[in-house]
Amino acid sequence: MDVDLLVLGSGVAGLTAAVQAAAAGLTVGVLTKGELHQSATRWAQGGVAAVLASDDGDSPDAHLADTLAAGAGLCDVDAVRVLVAEGPARVHELIATGAVFDRDAEGLLELAREGGHSHARVVHAGGAATGAEIERALVDAVQRTATVLHEGWFALDLLVEAGRCVGVAALDPSGTRHPVGARHTLLATGGVGQLFSVTTNPEQATGDGIAMALRAGAAVADLEFMQFHPTALHHPAMPRPLLSEALRGHGAKIRDGRGRQFVDELLPRDVVTRAITAQVLEEGGEHVWLDATGLEDFALRFPTIAASLAAAGLDPATDLLPIAPAAHFLSGGVLTDLDGATSRPGLWACGETACTGVHGANRLASNSLLEGMVFAPRVVEAVVAGRDGPRATGAMRSHVGDPEGRPDVVGGRTAQGLPGFPTGPERTADPSKLREGLQRAMTRGAGVLRSAGSLAATEHELAVLAAGAGPPSADPQLEEVRNLLTVGRALLAAASAREETRGSHTRTDFPDRDAARRHRLVFGVSAPAQP
Ligand code: SIN
């Protein structure tokens, strides 16, 4: 039986949508390839940025200005206005749902400062275990609804009939293929950190939703803007343990091999990552250092980080902590309007899978959980209102044009060179070897620093791996690799075309920002905008 809304993914965006849709009286299904609680949300540390108090001079306008500055000219200003205006109420709603955030002795929400923020406005839970607490609260909430849960199901491809998305083809836990019909389908499958050898993302972050959207011809944009978190612990554990920006907000310093500070720790992430990468190259080593020795009550304030440091044999009170950048967050994704509608009627996207335009070329710290919390309810409201297709609002205007011709709206260019998938006659390596090969190639040629030569060499390596993946299969592990290859090759095409350095995309052969390139690179077929 078709549900009203089929949600793919179980992170903050997907579960928020499911809970809200059930409350609105829709029939809802959640389909996830793991267990409900397994998502990248669970690993998010810092918190949720939202202006909940104005007594220190903070305001939604200040949050807007910080987000636009971090986004390096590519944010959609209307989408950011929605984010900062609706965020505070969504935080209160989440608290009402059962999420417990850290409070001070007087019971007021504690507010932290992070890189790129002009004020302390980040609420957090369990010190730096914010994502885990949000995931817990939302899993509890969704289990109290009548939502149909498909855990351990793997979505293979979107079902499209007469141009409209009508559900997905999916493998059940035994590997049997089924059509799962839905009047509306929401992609909330998270990001694509598994493209790289060193990442803060869990094994599940394989870009499945973005790959399905590319195959179904839905518009996808800003794939070149993979954000690398500057302060992941340099350690063999994977996902890389994160040393949250909140540590720097509390005064931790970044030091070079001689103990000197070489970058302002509270600048936006792309700037700090570039500075660390340059310093590591200059020193010829593999990492620099985070000095948190001056932080009081470390274990009390950051218990989960203290535990991962203890597991690595490090004591933040006395040891300098080795750090290096790690792939963390994709700012682009499936292009949407202000209500999460994609260019395919019946198909919606939110969270890291989506390109709402709020992050531009570089996401501001702690705006990602917030994005899921703000845009998922807008999808539900639009579905309830009977909407079925994109409007010319938000980032979607990069694809369908801006009816008002406003100069502050970011335009779009059709991205060229989305490579076909060369299916070889048979698989030549097992999925884990293919994934490792892909991650090594992407890390070498499309990581923090890129050039035309490194990107072309990487594309060649990925084409060989794609041929070695053989034809489409009913093996979820292999299909995850095929999804990674699909998104990875699109990322390479976008990164090659963007001949400038902007936000988290750094071209060593084009080191400056080029005002003539203030547009999105959009893959996908056109769809008419609705009034
Ligand atoms: C962090 O705590 O540093 C990560 C939070 C985020 O990615 O915004």
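Position 1 is the first residue of the sequence; numbering continues from there. Both counts, for ligands and for their atoms, begin at 1 and track the order of listing.
Annotation: ring-ring contact (aromatic ring centres under 6.0 Å, His included) contacts involving residues 356-375, sequence neighbours excluded, comprise F329-H359.
For E133 and R136, the salt-bridge test passes: some basic side-chain N is under 4.0 Å from an acidic carboxylate O. The existence of a salt bridge linking E224 and R502 is excluded, since no basic side-chain nitrogen approaches an acidic carboxylate oxygen closer than 4.0 Å.
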- Message: Is there a side-chain hydrogen bond (donor to acceptor under 3.5 Å, both in side chains) between E114 and S366? Walk through the geometry before answering.
- Response: CA-CA 8 Å; E114 294 185 0; S366 287; 2.9 Å; yes

- Query: Passes side-chain hydrogen bond (donor to acceptor under 3.5 Å, both in side chains), H63 versus N367? Steps please.
  - Reply: CA-CA 10 Å; H63 189 185; N367 266 358; 3.0 Å; yes

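The 4.0 Å heavy-atom shell around ligand 1 contains residues Q45, G46, H229, L242, S244, E245, R269, H328, R363, A365, S366, ordered by chain and number.
Heavy atoms of other residues, nucleotides or ligands lying less than 6.0 angstrom from CD of E110 number more than 12.
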